[in-house]
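Reviewing the structure listed below.
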Amino acid sequence: TNTEYILPNGVISIGNNAFMGCKNLFDITMPNSVTSIGDSAFYECTNLESVIVPNSVTSINSCAFADCINLASVIIGNGLTSIGALAFSDCISLTAIIIPDNVTSIDGDVFYGNDNLTIISNCNSYAAEYAVKYDRSINLQHNFSNEWIVDLVPTCTENGLKSHHCSRCDEKSDVTVIEALGHDFSTEWTIDKEATCIDGSKSHHCSRCDEKSDVTVIEALGHCFGEWQIIRKVSCTQTGIEVRKCSICSQEGMQIIESP
């Protein structure tokens with residue numbers, strides 16, 4: 001007949017081979033005094049269906065639950081730090097297991113022979129690294145903030161992005177488009193080019209970018225020439241030349257002085 005076994009309070013360690021081959025054992029209750037589960041402690045307990053490992057347990061040793069082919073539920077307490085080699089090997093009914101963050105040592109492929117298992121763990125945990133190393137299916141648990149983080153700032157013409165970030169890794173969720181802001185043109189005129197002897201220009205500028213609107217010509221002011229200066233005197237045989245220069249742009253004007 002199937003047997004349920006309750007370990008008495010005060011038991012500190014479940015020794016090596018303690019329940020090895022107990023094929024009638026279908027349930028085991030461990031008190032919070034237990035700190036370790038020994039090598040092959042439940043090896044080939046083929047009718048064991050579920051195990052709750054209390055928070056007091058820090059280590060599950062090699063082959064502790066190996067060949068428990070009907071073991072379908074394992075709940076591991078937060079105190080566990082190490083899992084020995086082949087601890088859950090050939091537990092073919094076990095499809096998912098949550099490995100807490102405190103686990104920092106997993107010796108080899110502890111789930112050997114179980115290709116249908118999914119490891120559930122927090123991102124950036126040792127268990128997550130282990131799952132990648134042994135090519136195990138993994139369901140990463142993230143801690144996404146409720147606050148939006150702007151990943152890409154929108155501009156006047158380009159959309160931006162925002163998302164919820166995980167506090168433990170770089171993963172993002174709910175990536176959402178922030179629509180482009182559009183231009184914000186000032187109502188005030190900005191002089192882009194001062195009018196001098198040639199035309200200038202003015203426009204309305206966007207407060208967020210370099211875009212301009214309503215580009216308008218400012219008419220040229222005209223040249224401001226000085227007095228004529230003779231650079232070649234007129235003679236009986238040649239004409240004279242005189243020039244004058246604009247005081248604004250330095251453009252020169254020239255005219256011929258005809259011979260009398």
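The model shown is predicted, which means the values in this text are computed figures rather than measured ones.
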Checklist entry - Do Ile257 and Ile230 have side chains that get closer than 4.5 Å, going by heavy atoms? => result yes

Checklist entry - Can we call the ring centroids of Phe88 and Tyr112 under 6.0 Å apart? => result no

Next on the checklist: Checking the side chain of Asn70 only, and the main-chain atoms of Thr46 only, is there a donor and an acceptor separated by less than 3.5 Å?
Outcome noted: yes

Item to check | Candidate pair Ser59 and Ser36, rule side-chain hydrogen bond (donor to acceptor under 3.5 Å, both in side chains), full reasoning | outcome: CA-CA 5 Å; Ser59 63; Ser36 65; 4.6 Å; no

Checklist entry - Heavy atoms, side chains only, cut-off 4.5 Å: are Asp192 and Lys212 in contact? => result yes

Checklist entry - Which pairs count as side chain to side chain donor-acceptor pair (under 3.5 Å) when at least one residue sits in residues 128-141, sequence neighbours excluded? => result Asp109-Tyr130, Asp109-Arg136, Thr118-Ser137, Asn139-Gln141

Next on the checklist: Check whether Ser89 reaches the backbone of Ala87 with its side chain - one donor and one acceptor, N or O, closer than 3.5 Å.
Outcome noted: no

Checklist entry - Hey, are the side chains of Phe225 and Glu252 touching, using non-hydrogen atoms and a 4.5 Å cut-off? => result no

Checklist entry - Given the rule that I, L, V, M, F, W and Y join up when any side-chain heavy atoms are under 4.5 Å apart, are Ile14 and Leu86 in one cluster? => result no

Next on the checklist: If I compare all heavy atoms of Tyr126 with all of Thr104, which pair ends up nearest, and what's the gap?
Outcome noted: CE1-O, 3.4 Å

Checklist entry - Which pair of non-hydrogen atoms, one from Asn55 and one from Asn32, has the smallest distance, and what is that distance? => result N-OD1, 4.1 Å

Next on the checklist: If you compare all heavy atoms of Glu258 against all heavy atoms of Val234, which two are closest, and at what distance to 0.1 Å?
Outcome noted: O-CG2, 3.5 Å

Checklist outcome for this item: Closest non-hydrogen atoms of Ile37 and Ala64, given as atom of the first, atom of the second and distance, are CG2-CB, 4.0 Å

Checklist entry - Tell me, do Ile218 and Thr216 make a side-chain contact under 4.5 Å, heavy atoms counted? => result no

Pairs of donor and acceptor atoms involving the side chains of residues 147-159, under 3.5 Å and at least two apart or interchain, shall be tabulated with distances.
from, atom 1, to, atom 2, distance (Å)
Asp151, OD1, His165, NE2, 2.6
Asp151, OD2, Ser163, N, 3.4
Asp151, OD2, Ser163, OG, 2.5
Thr155, OG1, Thr157, N, 3.3
Thr155, OG1, Glu158, N, 2.9
Asn159, OD1, Ala180, N, 2.9

Next on the checklist: Atom CG of residue position Asp174 - does it have more than 12 heavy atoms of other residues, nucleotides or ligands inside 6.0 Å?
Outcome noted: yes

Checklist entry - Would a distance-only check, ignoring hydrogens and angles, find a side-chain to backbone donor-acceptor pair under 3.5 Å from Asn122 to Asp101? => result no

Checklist entry - Which pair of heavy atoms, one from Asn9 and one from Ser33, lies closest together, and at what distance? => result C-OG, 4.1 Å

Checklist outcome for this item: Nearest heavy-atom approach of Phe144 to His164 is CD2-O, 3.5 Å

Checklist entry - In the hydrophobic cluster built from side-chain contacts under 4.5 Å, what are the other members alongside Met20? => result Tyr43

Item to check | Verdict with reasoning, Ser167 to Asn143, per side-chain hydrogen bond (donor to acceptor under 3.5 Å, both in side chains) | outcome: CA-CA 6 Å; Ser167 63; Asn143 183 29; 2.8 Å; yes

Checklist outcome for this item: Distance col, row Ile76:CD1 vs Ile52:CD1, nearest 0.5 angstrom, shows 12.0 Å

